[in-house]
Protein chains: 2
Amino acid sequence: MIEQERLPDIRTTAQAWESLFRAQVAVMRRLQALPEFRKLSVREYDVLFNLTRCPGGWTRLNELNENLLISQPSLSRMVDRLEAKGLVLRRTAEQDQRGIEISLTEAGRELQRRIGREHVRHLHELIAPALSAEEFGQLQALTEKLRSGLSPGC
Amino acid sequence: MIEQERLPDIRTTAQAWESLFRAQVAVMRRLQALPEFRKLSVREYDVLFNLTRCPGGWTRLNELNENLLISQPSLSRMVDRLEAKGLVLRRTAEQDQRGIEISLTEAGRELQRRIGREHVRHLHELIAPALSAEEFGQLQALTEKLRSGLSPGC
DNA sequence: TCAGTTTACATGCTTTTGCATCTACCAGGG
DNA sequence: CCCTGGTAGATGCAAAAGCATGTAAACTGA
């Protein structure tokens, strides 16, 4: 038996996106009010978090910028501030003298871990009651597929 | 036969949320660069959009604020600007003299529709290739359930 | 009824963001 | 080799954001 896979119409995609977006807002709104984000904003934490996810520990600034919603100048200045706080290091890329590479300092890594632990714990308390383990698995699979399947054209 | 519904562990919830969040960032990053948001930022558009969704057309400012990620003072000033542009109206609430109610002007409604049409069209082009109609339906159902099932405690 | 508390929004002030632009560097022909 | 075009970040400046606080109205409980 052949499974028919319907192409989504414009209503379907719009409604799914709206629902996903509202869920994200609802969760994020509660998260960012939590005490772990008093010293470092969610955006700043997200930079540190992204830095933990790159092999070798160094990432290009432009590459980092692709995973964030802030503009290139804003990231440049946010890195200034994180550097001033002793949380990240800057160096010029070896192969491309225009480029800048960033990595966490030990203090930065430590702070990320500390905030991350609290964050994950609070996140769990907040969202765990909403879905079963199986449903969270489906949600993860669908959102991963969504992200990786975005139209390259636009 | 009884279906066993497992409770999610902390890894499962954290990974699902991270995936959802990254998908949202990836989509939003592309959306906000589109031409329809040159005149009005995504945040401002979202306010107009929320105003189309309230019965009677008038919404309390604090109620509106719950659906947005910006702070109360920021919303207050954003409404100032939208009012100055002739897109929304302000009035004091009847039952509660402290409260402010907002509604769209005709120009505001018109602008929302115009941006909204472009927005939905571009959104569709962007995300439609990623999932089937059935999968978008599942995604919508899961994210709605997530949003409505958040722990009231935190 | 009236002082004390809470809620809703506005406002002063500082920080952060974004747009436009600048500089430095790379890459690809002539 | 130099010139042209393009890319990676930095920076000047104006707009927007958040924090702390102010004001005024509503609730609360003697």
Side-chain angles (χ1 to χ4, degrees), chain A residues 25 28-48 50-51 54 58-85 87-103, chain B residues 25 28-48 50-51 54 58-85 87-103:
Chain A
V25 168
M28 189 57 79
R29 214 182 141 63
R30 316 256 212 130
L31 290 179
Q32 71 185 4
L34 292 171
E36 57 265 34
F37 295 116
R38 295 184 69 89
K39 287 288 174 184
L40 216 57
S41 74
V42 175
R43 285 177 160 180
E44 289 169 324
Y45 169 75
D46 196 30
V47 169
L48 299 193
N50 269 276
L51 287 173
C54 50
W58 293 90
T59 320
R60 283 291 292 272
L61 219 47
N62 57 354
E63 193 179 339
L64 187 57
N65 206 162
E66 287 169 10
N67 300 321
L68 305 171
L69 282 179
I70 63 178
S71 66
Q72 175 269 314
S74 293
L75 177 59
S76 187
R77 286 188 167 114
M78 184 185 290
V79 170
D80 285 348
R81 296 191 298 269
L82 293 174
E83 193 180 19
K85 288 182 184 177
L87 301 173
V88 306
L89 294 175
R90 244 193 181 99
R91 74 178 185 198
T92 59
E94 293 177 7
Q95 314 87 330
D96 185 343
Q97 294 292 111
R98 298 167 300 178
I100 297 288
E101 291 175 336
I102 303 292
S103 87
Chain B
V25 167
M28 188 57 79
R29 216 185 139 62
R30 315 258 211 127
L31 290 178
Q32 70 185 6
L34 292 172
E36 59 264 31
F37 295 115
R38 294 183 70 88
K39 287 288 175 184
L40 215 59
S41 74
V42 175
R43 284 176 161 181
E44 290 169 325
Y45 169 75
D46 196 30
V47 169
L48 300 192
N50 269 276
L51 287 174
C54 49
W58 293 89
T59 320
R60 284 290 294 271
L61 218 49
N62 58 353
E63 193 180 339
L64 187 57
N65 206 163
E66 286 170 11
N67 300 320
L68 305 171
L69 282 178
I70 63 178
S71 66
Q72 175 270 315
S74 294
L75 177 59
S76 187
R77 286 191 167 110
M78 183 185 291
V79 170
D80 286 347
R81 296 191 300 269
L82 293 173
E83 192 180 19
K85 288 183 183 176
L87 301 174
V88 306
L89 295 174
R90 246 194 180 99
R91 74 177 186 198
T92 59
E94 294 177 5
Q95 314 88 329
D96 185 343
Q97 293 292 110
R98 297 166 303 177
I100 296 287
E101 291 174 337
I102 303 292
S103 87

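Bear in mind the structure is a predicted one, so any value in this text is a computation, not a measurement. Below, chain A is the first sequence line, B the second, and so on; all start at residue 1.
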Tabulate protein N/O versus nucleotide N/O from nucleotides 13-15 of chain D, keeping only pairs under 3.5 Å, one per line.
none

Just the table, please: protein N/O against nucleotides 21-29 of chain D N/O, every pair under 3.5 Å.
unit_1, atom_1, unit_2, atom_2, d
D/dA26, OP1, B/Q97, N, 3.0

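For C/dC9, one of the phosphate oxygens OP1 or OP2 lies less than 4.0 angstrom from a side-chain nitrogen or oxygen of B/N62.
At a threshold of 4.0 angstrom between heavy atoms, the contacts of A/I70 are confined to the sugar-phosphate backbone, with no base atom among them. Among the atoms of the strands shown, only primed sugar atoms or phosphate atoms (P, OP1, OP2) are found under 4.0 Å from some heavy atom of B/L69. Counting any heavy atom pair closer than 4.0 Å across all strands shown, A/R90 reaches sugar-phosphate atoms only and no base atom.
To the nearest 0.5 Å, atoms CZ (B/F37) and CD (B/E44) are separated by 11.0 Å. How far CG of B/N65 is from OG of B/S74: 8.5 Å, rounded to the nearest 0.5 Å. Considering CG of A/L61 and CD1 of A/I102, their distance stands at 5.0 Å, rounded to 0.5 Å. Note: A/L69 CG to A/D46 CG = 9.0 Å, rounded to the nearest 0.5 Å. A distance of 5.0 Å separates CD of A/E83 from CZ of A/R90, quoted to the nearest 0.5 Å. One finds the CD atom of B/E101 at 10.0 Å from the CG atom of B/N62 (value rounded to the nearest 0.5 Å).
Take the nearest nucleotide of DNA chain C for B/S76 and for A/S74: the residue whose nucleotide is more 5' is B/S76.
Between the CG atom of B/L61 and the P atom of C/dT11 there is a distance of 13 Å, rounded to whole Å. At whole-Å resolution of the value, CG in A/N65 and P in D/dG9 are 9 Å apart.
Under the side-chain contact (heavy atoms from CB on, under 4.5 Å) test applied with A/R43, the options A/I70, A/L75, A/L68 reduce to a single match, A/I70.
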